[in-house]
Amino acid sequence: MQMLGRQIGQAVPTKGRRLVAVPPTKRGHGARSLVVVASLTRRPEDEAMGGKLLMNSMEDEAASAGAVTKPYRAAPRDALRMGLPSKGRMAEDTQQLLKDCALSVYKPNPRQYVAKIPQIPGLEVWFQRASDVVRKLRYGDVDLGIVGADMFAELADGDDDLVVCHEALGFGQCHLALGVPMTGKFAGITSLDALRAMPDWTAETPLRVVTGYHNIAKRFFAQNGFKHVVLLSADGALEAAPAMGSADIILDLVSTGVTLRENNLREIEGGNIMESQGILVANRKSLLERPQLLEIVHELIERFDGHLKAEQFYSVIANMRGESPEAVADTLLQAPGLQGLQGPTVANVYNRGAGDKAEHHFYAATICVRKKQLYGAVKALQKLGGSGVLVQPMTYIFDEEPERWGQLLAKLGLDPADVNIGGSSNGNGKH
Ligand SMILES: Nc1ncnc2c1ncn2[C@@H]1O[C@H](COP(=O)(O)OP(=O)(O)OP(=O)(O)O)[C@@H](O)[C@H]1O
Ligand SMILES: O=P(O)(O)OC[C@H]1O[C@H](OP(=O)(O)OP(=O)(O)O)[C@H](O)[C@@H]1O
Ligand SMILES: [Mg+2]
């Protein structure tokens with residue numbers, strides 16, 4: 001390959017403020033396809049193992065994962081704290097969810113990291129990098145947090161002090177997967193079994209995996225019987241590493257798959273390690289020792305569940321003619337897709353009649369319709385004589401006590417009968 005002057009192979013930042021424009025080469029050519037990567041580093045502990053992290057036995061792995069060390073205990077405090085991501089894609093999505101649930105965060109000073117949610121006066125909000133939200137939860141510096149499930153799996157690393165309160169907040173959907181080159185010695189490698197069986201991997205030439213998820217990777221490769229693997233570290237732009245020759249494969253987040261594909265990498269059968277999305281997590285000790293926190297978590301679960309369910313539906317109102325409200329209801333109950341959640345609501349529609357007296361000649365039928373089925377439902381209503389069809393988004397659908405609340409109490413070893421939160425149910429749907 002003709003050298004393009006001194007720039008070729010020069011690593012320059014791929015993200016953030018320090019990204020620089022690459023000047024044309026000395027010979028006046030425009031900067032061609034320069035391979036730009038973040039620098040790859042081996043963490044001290046990788047070096048300590050001679051950069052050759054040979055898989056321990058499952059027992060060793062479990063022991064090392066289970067033996068959680070806490071460098072310090074958090075300073076005693078009375079205030080309840082929730083950690084929220086301070087930047088990146090999780091930050092925006094988290095604030096949007098809270099806003100959609102009428103829990104907007106009030107952060108008067110953009111450069112200060114403490115804020116509040118006026119709707120929950122007893123709670124302090126602390127903005128931290130998503131990874132630090134998990135760390136602060138483990139240390140007990142915050143009681144509650146919203147992060148990505150992948151980040152939680154990696155950094156909580158099986159820490160029983162942390163409890164998942166809501167596992168599906170509906171944003172940040174992605175998955176952690178292996179990315180394997182499409183060409184060269186990996187050309188025919190389309191499954192995890194085939195990758196493991198490659199004769200290339202020995203104690204001297206281990207499979208080199210670059211990832212930001214070392215805890216997850218160790219467990220994954222150990223559980224899948226890989227013997228010779230070395231884990232390399234990088235903070236981003238991992239997809240360039242195989243092309244650079246500094247790693248064989250990557251283990252990274254995938255959402256659309258574009259970055260993998262654009263870097264001639266692909267996923268393999270058995271290589272999807274975990275699904276991820278935003279989750280609500282809490283410190284177990286805080287939940288058990290701070291009753292107000294349990295009450296706040298109950299409200300958050302109710303609001304999140306109520307909002308996330310409502311997001312799937314529209315409220316549809318149609319003017320219907322009929323002999324009686326029951327007759328209109330019967331017609332709808334027998335029509336596919338028009339039953340609503342429990343059933344239609346049918347009310348009289350009044351207009352000015354003779355002598356300016358209110359009269360009613362038709363009814364307004366209201367039903368909940370799944371967003372995906374809206375157009376079909378509107379056409380079906382019109383076919384039944386419906387007119388003036390109004391479609392409204394829904395903010396909340398509050399059902400009985402959310403299942404997740406009962407599940408959380410079970411995780412905490414609490415009997416719902418003993419938990420009386422805010423005068424509402426006690427965790428098993430009975431008030
Ligand atoms: N395509 C994606 N790539 C990376 N993270 C994603 C993606 N889709 C969703 N996420 C979620 O966002 C989290 C990363 O958010 P975070 O703000 O920490 O990193 P970031 O947005 O990549 O910014 P930075 O890399 O500067 O920390 C992931 O842990 C994951 O849960
Ligand atoms: O499947 P896709 O939709 O292409 O998204 C996946 C890519 O997004 C993330 O990178 P990010 O954009 O956060 O940059 P980074 O790797 O430098 O953090 C992740 O690390 C993948 O590289
Ligand atoms: Mg990133």
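Both counts, for ligands and for their atoms, begin at 1 and track the order of listing.
Screening Lys136, Arg77, Arg284, Arg138 for a salt bridge (Lys or Arg N to Asp or Glu O under 4.0 Å) with Asp143, the sole residue that qualifies is Arg77.
Only the side chain of Arg129 comes within 4.0 Å of ligand 1, judged by heavy-atom distances. For Ala237, every heavy-atom contact with ligand 2 shorter than 4.0 Å involves the backbone, none the side chain. The proximity of Asp252 to ligand 2, defined as any non-hydrogen pair under 4.0 Å, is limited to the side chain.
Atoms of ligand 1 lying under 4.0 Å from any heavy atom of Gly148, numbered from 1 in the order shown and given with element: 31 (O). The contact set between ligand 2 and Val254, taken as ligand atoms under 4.0 Å from a residue heavy atom, comprises 1 (O). Atoms of ligand 1 found under 4.0 Å from any heavy atom of Leu253 (numbered from 1 in listed order, with element): 4 (C), 5 (N), 6 (C), 28 (C), 30 (C). Ligand 1 places these atoms under 4.0 Å from at least one heavy atom of Ser255: 1 (N), 2 (C). Residue Ala130 has at least one heavy-atom neighbour below 4.0 Å for each of these atoms of ligand 1: 18 (O). Distances below 4.0 Å separate heavy atoms of Glu239 from the following atoms of ligand 2: 21 (C), 22 (O). Below 4.0 Å from some heavy atom of Thr256 lie the following atoms of ligand 2, by number and element: 1 (O), 2 (P), 3 (O), 4 (O).
Between Phe152 atom CZ and Asp157 atom CG the span is 10.5 Å, to the nearest 0.5 Å. Distance check, rounded to the nearest 0.5 Å: CE of Met198 to CG of Asp193 gives 13.5 Å. Rounded to the nearest 0.5 angstrom, Leu300 CG and Leu98 CG are separated by 7.5 Å.
Ranked by closest heavy atom to atom 30 (C) of ligand 1, the top entry among Val133, Asp235, Asp150, Ile279 is Asp150. The nearest non-hydrogen atom to atom 18 (O) of ligand 1, considering only Met151, Met90, Arg89, comes from Met151.
At under 3.5 Å, a nitrogen or oxygen of Ser255, whether backbone or side chain, sits near a nitrogen or oxygen of ligand 2. The N/O atoms of Gly257, backbone and side chain alike, include one that comes under 3.5 Å of an N/O atom in ligand 2.
Not a single heavy atom of Glu262 sits closer than 4.0 Å to an atom of ligand 2. Residue contact annotation: Gly172 has a non-hydrogen atom under 4.0 Å from ligand 1.
Lys99 and Gln96 share no donor-acceptor pair across their side chains, judged by distance under 3.5 Å alone. Looking only at atom types and distance, the side chain of Gln128 has no donor-acceptor partner in the side chain of Trp126 under 3.5 Å away.
Side-chain contact between Leu294 and Leu414 is present, with heavy atoms from C-beta onward closer than 4.5 Å. At least one side-chain heavy atom of Phe171 sits under 4.5 Å from a side-chain heavy atom of Thr94. With contacts defined as side-chain heavy-atom distances shorter than 4.5 Å, the pair His307/Leu97 qualifies.
Cation-pi geometry between Lys116 and Tyr106 is not met: the NZ or CZ atom fails to fall both under 6.0 Å from the ring centre and inside 45° of the normal.
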